[in-house]
Each structure stands twice: as C-alpha cells, then as structure tokens.
Amino acid sequence: MSQIKKLNVGIIGATGMVGQRFALLLLNHPWFEVTALAASPRSAGKPYGEVVKDRWLMKEPLPEKYKNMTIFDASDVETVVKNVDFVFCAVDMKKEEIKALEEAYAKAECPVVSNNSAHRLTPDVPMIIPEVNPEHAEIIKAQRARLGTKKGFIAVKSNCSIQSYVPALHPLMKFGLKDVLVCTYQAISGAGKTFETWSEMVDNVIPFIGGEEEKSEKEPLKVWGKIEGGKIIHAVAPDITAQCIRIPVSDGHFAAVFVRFENKPSEKEIIEIWNGFGGIDLPSAPEKFLTYYEEENFPQSKLHRDLYNGMGVSIGRLREDGQYDYKFVCLSHNTLRGAAGGAVLMAELLREKGYLE
C-alpha cells in the first residue's frame, strides 16, 4: 500500500473496554492518528492515565502516548470536532442518548464509526462487515441528504456475536440458504467484564444475554439487504433462530450453526468455498478471512481466537445433520473482529471509498 496522509481521530467512550481496545489498535496505525479521547463528564479534564489506572482491562500495558492526554467531555461535540477528522464511538449510555450523541457529531460534519447498537437498524445507516457487504457504504449519500450534511454520517459495526457465523454463511447464500439455527457461546469480555470484575462467571454459565437473540436473528438480514429508495431493505431469507449463552471464557465468541439449503452443496464444495473466500487489501484485514480446520476438536478459544491478529474467523466440524443439511462451529475474537478491530477495518474501507476524506 502507498503512503497516505494520516487522519486525526477521536475515541468517544475511551475509558471503557472497547475504547481501550481502540486505543491499542490505533497506536501505530498507518492511516489514523488518535488526537482526542472523550468520555463522561466525571472523567473530563483529567489525564487518561489517571482515569484508567485502576481499570485498565487490556493485557498489554497502557501506552505512554495516552497517559497524559486530557480527556474531553464526550457531550462537548464542538470541542472534540475541532481536534479530529472523524470519531470512533463506544459509549456506555442509554440507546436514545447514544442515538442523539452520534447524530450530533454527524450533524457537526464529523463522521462517526460506531461500535454501539443504537443505530444498527436505522434504515439509512450502513452496518458493514467489509468482506461481506462493502457496497452498503453507498447508503451514506442518502443519510447525508436526510441529516443535511456534506461530510457527516454514521456507520455502525454489527453485533459481535454475528461476526462469528455470518462470514461463514455469506459465501453459501448462492445455494439458497433457507433456515439457520444458531447457538452462540459468548465470552465475558462481550459484557465489558473480566473474571476479576465478574467473579460470579467463574465456573458458571448464564443462559441469557439481554437483546442478543433478537440482534442475532435480525442483524444478518440487514447485512444481506439491498439498497432501495434511500434505505437498506432487509433480506427475507434465511429464516434465523438464535439462542445466546454467556460462558466462562475471557475472549472469543463461539457459534454452533445448523443450516438448510434449497440446493444442498457437498461438504467438499463448502470447505473449498470457505478457504477461498475473502481477502481485502486494507491495513487491518486478515491475511485469510476464513480458515477451516479438519481436526475434530478445532477451533478452540485459546488456540484460535487471535488468528491473524484476532481478525480471522475459524470454522470446524462441518458434517451432515439428521434434521438440517449440515452443522458446524465458528469462532471469532469478540473485541477484535467483533468490536474495535471490525470498526477500524470498516473505517479503512470507508476511507478507501472516499467517505472519510
């Protein structure tokens, strides 16, 4: 890739787990430079290192660059916007408050690349997995018309759990994918927790994650939707039913998937398609998007969640099923591919397409 001028970026919600992950991922990014960190009013005006010193959740140490950066008040949109070309957003607020905050930044002509769920089902807000539906960036023109902006817009990353199985399903859509049953087994970092901060998860399983099942059933249909009349119209198939379970794993969301087709492919066809699918030329993109493992006990969270810097998706145990056509398992890193990493990759795609210039 040729050298290009770096854009100045802000992290809104910089003190939380995903905000911290953004900070690490952007530390030496070739295209983006962090010039603003923003959080709640109680953190505003303080050095970032002071605020997060007792709640730094990353395995890597807090980088020196950020320690003395003064935190802005996230609600002071005018001040933040003066310091950045666009922002990543990962705030912990009520849904309506997030929607209002993100729109305020967009209307201030500051593009927002969001990790939040608030705008995922807004019809003219693209929800992009870069290897799957990059064409949805085109809806930004319609969104700008609605907002009355020239530069500002909102783009969102999908739910972390669907990043494990939607990439595996996507290249199989051509066989007439009809029905999908998925059970996700989700790591505690998906709730912004560690075992030190959520001791009740040790040696425990919780069979409920608020809102996850609805997101897992609806969001893929938007990802597979078509742009019509200034909106993204959701796909009508496949029919998806989901159950989401919290398990005692630090990082990595698993999915057990059952599928039924109009035109059933062979196992060999599926594996060849998976191993040959994907591949985009962006700084954060994995060398290989999908990796299928022949070993019967792969993939595993500890061994494979960090595949290609946590941006690859692992698949295994493809076999025929007595009720559905096939069943298999998938794994992705929920705070990398599924959260901050996926958002950074989406921002790279949007810059390449000219939406962040």
Side-chain angles (χ1 to χ4, degrees), residues 117 120-121 127 129 131-133 157-191 205-225 234-247 249 251-262 264-265 267 270-271 273-274 277-278 289-293 298-301 304-305 307 312-335 337-339 342:
S117 65
R120 285 184 191 151
L121 296 183
M127 183 169 64
I129 301 173
E131 296 93 340
V132 173
N133 62 331
K157 185 204 63 59
S158 66
N159 184 264
C160 54
S161 65
I162 80 165
Q163 303 270 342
S164 61
Y165 60 90
V166 165
L169 294 176
H170 180 69
L172 306 181
M173 294 284 282
K174 62 184 179 181
F175 297 108
L177 186 60
K178 290 196 305 181
D179 301 302
V180 176
L181 184 155
V182 60
C183 187
T184 61
Y185 303 88
Q186 301 184 205
I188 64 172
S189 56
V205 167
I206 298 177
F208 174 73
I209 306 172
E212 282 300 282
E213 288 156 7
E214 294 84 353
K215 295 172 188 175
S216 296
E217 293 169 355
K218 291 180 180 179
E219 289 187 18
L221 299 178
K222 182 175 183 179
V223 170
W224 289 318
H234 291 210
V236 296
D239 186 24
I240 304 173
T241 184
Q243 183 152 298
C244 301
I245 299 171
R246 188 74 71 192
I247 60 172
V249 169
D251 294 300
H253 284 357
F254 245 100
V257 187
F258 300 76
V259 292
R260 188 179 289 122
F261 298 96
E262 294 279 0
K264 182 180 175 181
E267 287 186 38
I270 293 174
I271 292 171
I273 288 169
W274 281 337
F277 177 66
F289 184 33
L290 306 180
T291 299
Y292 182 78
Y293 292 95
F298 280 9
Q300 297 178 18
S301 297
H304 303 111
R305 61 191 171 204
L307 185 68
V313 176
S314 303
I315 313 171
R317 300 206 68 213
L318 176 68
R319 60 224 190 269
E320 291 193 327
D321 181 67
Q323 297 182 12
Y324 287 74
D325 288 331
Y326 291 107
K327 52 191 172 187
F328 55 91
V329 296
C330 304
L331 169 69
S332 64
H333 196 301
N334 55 294
T335 68
R337 166 59 71 169

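Keep in mind that this is a model prediction, so the values were computed, not measured. All residue numbers refer to positions in the sequence shown, counting from 1.
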Nearest 0.5 Å, please: how far is [atom2] in [Y] from [atom1] in [X]?
X    : Y    : atom1 : atom2 : result
S216 : I209 : OG    : CD1   : 8.5 Å
N159 : E214 : CG    : CD    : 10.5 Å
L221 : H234 : CG    : NE2   : 7.5 Å
R305 : S189 : CZ    : OG    : 8.5 Å
E213 : C244 : CD    : SG    : 5.0 Å
K222 : N133 : NZ    : CG    : 10.0 Å

Student check: side-chain heavy atoms of [X] and [Y] closer than 4.5 Å:
X    : Y    : value
W224 : V166 : yes
V313 : F289 : yes
R337 : H253 : no
I240 : P220 : yes
S301 : F254 : yes
T184 : E212 : no
L172 : V259 : no
R120 : K215 : yes

Check: [Y] main-chain N/O paired with [X] side-chain donor or acceptor under 3.5 Å:
X    : Y    : answer
K178 : D239 : no
Q163 : S332 : no
D251 : A187 : no
Y326 : F261 : no
Q243 : C183 : no
Y292 : L318 : yes

Shortest non-hydrogen contact from [X] toward [Y]:
X    : Y    : answer
A168 : W274 : O-NE1, 2.8 Å
E320 : K264 : OE2-NZ, 2.8 Å
L331 : Q300 : CD2-O, 3.4 Å
V329 : A256 : CG1-CA, 4.3 Å
A191 : R246 : CB-NH2, 3.6 Å
Q186 : S161 : OE1-CB, 3.3 Å

Y293 and H304 aromatic ring geometry - parallel, tilted or perpendicular at 30°/60° bounds: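 If you compare the ring of H304 with that of Y293, the planes turn out tilted.
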Applying the side-chain contact (heavy atoms from CB on, under 4.5 Å) criterion to P167, which one of I162, L290, V223 satisfies it?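 Single side-chain contact (heavy atoms from CB on, under 4.5 Å) partner of P167 among I162, L290, V223: L290.
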The test is side chain to side chain contact (heavy atoms under 4.5 Å, CB included); show your working for Y185 and V249 and say whether it passes. CA-CA 9 Å; Y185 303 88; V249 169; over 6 Å; no
Not counting sequence neighbours, which residues clear side-chain hydrogen bond (donor to acceptor under 3.5 Å, both in side chains) with E262? List them please.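 None.
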The criterion is side-chain hydrogen bond (donor to acceptor under 3.5 Å, both in side chains); which residues satisfy it with R260, sequence neighbours excluded?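 R260: side-chain hydrogen bond (donor to acceptor under 3.5 Å, both in side chains) contacts with D179.
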What verdict does the side chain to side chain contact (heavy atoms under 4.5 Å, CB included) test give for Q323 and L181, after you've listed the backbone C-alpha separation in whole Å, the side-chain angles of each residue and the deciding distance to 0.1 Å? CA-CA 11 Å; Q323 297 182 12; L181 184 155; over 6 Å; no
Using side chain to side chain contact (heavy atoms under 4.5 Å, CB included), reason through F175 and D325 one step at a time and then give a plain yes or no. CA-CA 12 Å; F175 297 108; D325 288 331; over 6 Å; no
